[in-house]
Amino acid sequence: MATWLQGSVVENNQWCTDLYSLKISVDPIKFKAGQFASIGMEENNEILARPYSLVNTPHDPILEIHFNTVIEGHLSPRLARLGKGDVVHVSDRTGGLLTIDEVPDVPNLWLLATGTGIGPFLSILKTDEPWKRFKNIVLCYSVMTHEKLAYQTDIEKFQSDYPEQFRFIPFITREKVAGTISSRITTSIENGELEKQAALQLSSDSNHFMLCGNSTMISEVTTLLESRGLRRHKRREPGHIAIEKYY
Ligand SMILES: Cc1cc2nc3c(=O)[nH]c(=O)nc-3n(C[C@H](O)[C@H](O)[C@H](O)COP(=O)(O)OP(=O)(O)OC[C@H]3O[C@@H](n4cnc5c(N)ncnc54)[C@H](O)[C@@H]3O)c2cc1C
């Protein structure tokens with residue numbers, strides 16, 4: 001059975017309106033990079049909790065979550081108001097299949113995120129394993145406006161540490177910003193822009209895709225990739241597409 005651990009907020013970083021990262025000090029929990037934990041707050045003597053991907057690596061002593069506040073959401077606006085020293089609850093049971101050990105051996109790993117779906121990919125990329133296993137790693141990160149493009153310092157570090165192996169493709173859908181693609185990820189697959197920017201082809205023999213974030217992007221990208229001969233990954237039937245829908 002899962003146990004609730006009492007943690008305390010170390011830092012609440014507000015990136016912009018409605019976008020936050022919380023760092024939480026708590027007894028160690030076991031998880032793999034890319035997995036999520038239930039995070040909760042007490043309400044009427046019960047714990048109101050939701051799953052959040054962990055941005056930190058399994059070796060970091062401090063947990064980190066990255067989230068946006070949902071208008072009229074029950075938990076996220078309350079998490080956003082937390083400050084240093086405030087109590088937050090963390091379940092010791094973690095989960096999720098968006099992990100590198102689920103990925104078959106292929107040369108190219110594609111990580112496609114909308115918004116806060118960047119979280120699990122940062123955790124994965126901060127570990128050594130993907131850099132040892134894949135020849136090319138492409139990170140696509142789609143947000144509506146430039147200010148929502150979080151964790152740029154971490155992403156720049158991947159670029160400087162692995163300049164040959166790593167390609168970062170930012171998408172900003174509601175603003176025109178130099179050096180970014182201003183369409184949606186789906187459009188860039190349809191019109192060939194994604195393959196051009198990554199200098200890779202979306203063939204089924206050499207690619208594995210991990211998709212995280214909103215369900216529209218995930219469903220539409222999955223359909224497009226399936227039309228190119230790729231299929232959903234299952235443990236018993238290895239494929240090319242792994243997904244995690246946040247909502
Ligand atoms: C496996 C998993 C991992 C997740 N990891 C993260 C994470 O790392 N970061 C993160 O921000 N969220 C994440 N989520 C979503 C998160 O668990 C909550 O659903 C979200 O924070 C809203 O909670 P709430 O209590 O404020 O809203 P609720 O009261 O639970 O929901 C209100 C409504 O908002 C919708 N909704 C949920 N999330 C969003 C969103 N981001 N934007 C718009 N509408 C939304 C729901 O579908 C629901 O209809 C994850 C979800 C899952 C299933």
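Start at 1 and go down the list; that is how both ligands and their atoms are numbered. Any value given below was found using the heavy atoms of this structure, including those in side chains, with hydrogens, waters and symmetry copies removed.
Aromatic pair Tyr52/Phe36: centroids not less than 6.0 angstrom apart. A distance of 6.0 Å or more separates the ring centres of His233 and His240.
If you check which protein heavy atom lies closest to atom 27 (O) of ligand 1, you get Gly73 CA, 3.3 Å. In this structure, the protein non-hydrogen atom closest to atom 8 (O) of ligand 1 is Ser53 N, 3.1 Å. Of the protein's non-hydrogen atoms, Arg50 NE, 3.7 Å is the one closest to atom 23 (O) of ligand 1. For atom 17 (O) of ligand 1, the closest heavy atom belonging to the protein is Pro51 O, 2.7 Å. Ranking protein heavy atoms by distance to atom 7 (C) of ligand 1, first place goes to Tyr246 CE2, 3.3 Å. At the top of the distance list for atom 26 (O) of ligand 1, counting protein heavy atoms only, stands Ser76 OG, 2.6 Å.
Paired with Leu63 under the rule side-chain contact (heavy atoms from CB on, under 4.5 Å), one option of Leu22, Val88, Ile29 passes, and it is Ile29. With respect to Gln35, the side-chain contact (heavy atoms from CB on, under 4.5 Å) criterion is satisfied by exactly one of Leu97, Leu54, Thr94: Thr94.
Taken together through direct or relayed side-chain contacts under 4.5 Å among Ile, Leu, Val, Met, Phe, Trp and Tyr, Val55 and Val10 form parts of separate hydrophobic clusters.
Between Phe166 and Phe158, the ring planes lie perpendicular to each other; the angle is over 60°, past the 30° to 60° tilted range.
Close approach to Thr116 involves these atoms of ligand 1, each under 4.0 Å from a residue heavy atom: 9 (N), 10 (C), 11 (O). Within the listing of ligand 1, atoms 11 (O), 40 (C), 41 (N), 42 (N) sit less than 4.0 angstrom from a heavy atom of Asn68.
The shortest separation from a heavy atom of Lys245 to ligand 1 is under 4.0 Å, placing the residue in contact.
Closest to atom 18 (C) of ligand 1 by heavy atom, among Tyr52, Phe36, Tyr247, is Tyr52.
With hydrogens and angles disregarded, no donor-acceptor distance shorter than 3.5 Å links the side chain of Thr99 to the backbone of Lys32. The backbone N or O of Gly83 lies less than 3.5 Å from no partner atom in the side chain of Asn12, so there is not a single donor-acceptor pair. Judged by distance alone, with hydrogens and angles left aside, the side-chain atoms of Asp60 form no donor-acceptor pair with the main-chain N or O of Asn56 at under 3.5 Å.
Atom 31 (O) of ligand 1 lies below 4.0 Å from none of the non-hydrogen atoms of the protein. Checking atom 48 (C) of ligand 1 against the protein gives no heavy-atom contact under 4.0 Å. At a distance under 4.0 Å, a protein heavy atom can be found next to atom 41 (N) of ligand 1.
Distances between N or O atoms of Val70 and those of ligand 1 include no value under 3.5 Å. Backbone and side-chain nitrogen or oxygen atoms of His66 are examined, and one is located within less than 3.5 angstrom of a nitrogen or oxygen of ligand 1. Checked by distance only, ligand 1 and Phe67 stay at 3.5 Å or farther apart across all their nitrogen or oxygen atoms. Between Glu244 and ligand 1, a contact under 3.5 Å exists for no N or O pair.
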Apply side chain to side chain donor-acceptor pair (under 3.5 Å) to the pair Thr116 and His66, showing each step before the final yes or no. CA-CA 6 Å; Thr116 54; His66 177 52; 5.8 Å; no

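A 6.0 Å sphere centred on CD of Gln201 holds no more than 12 heavy atoms belonging to other residues, nucleotides or ligands.
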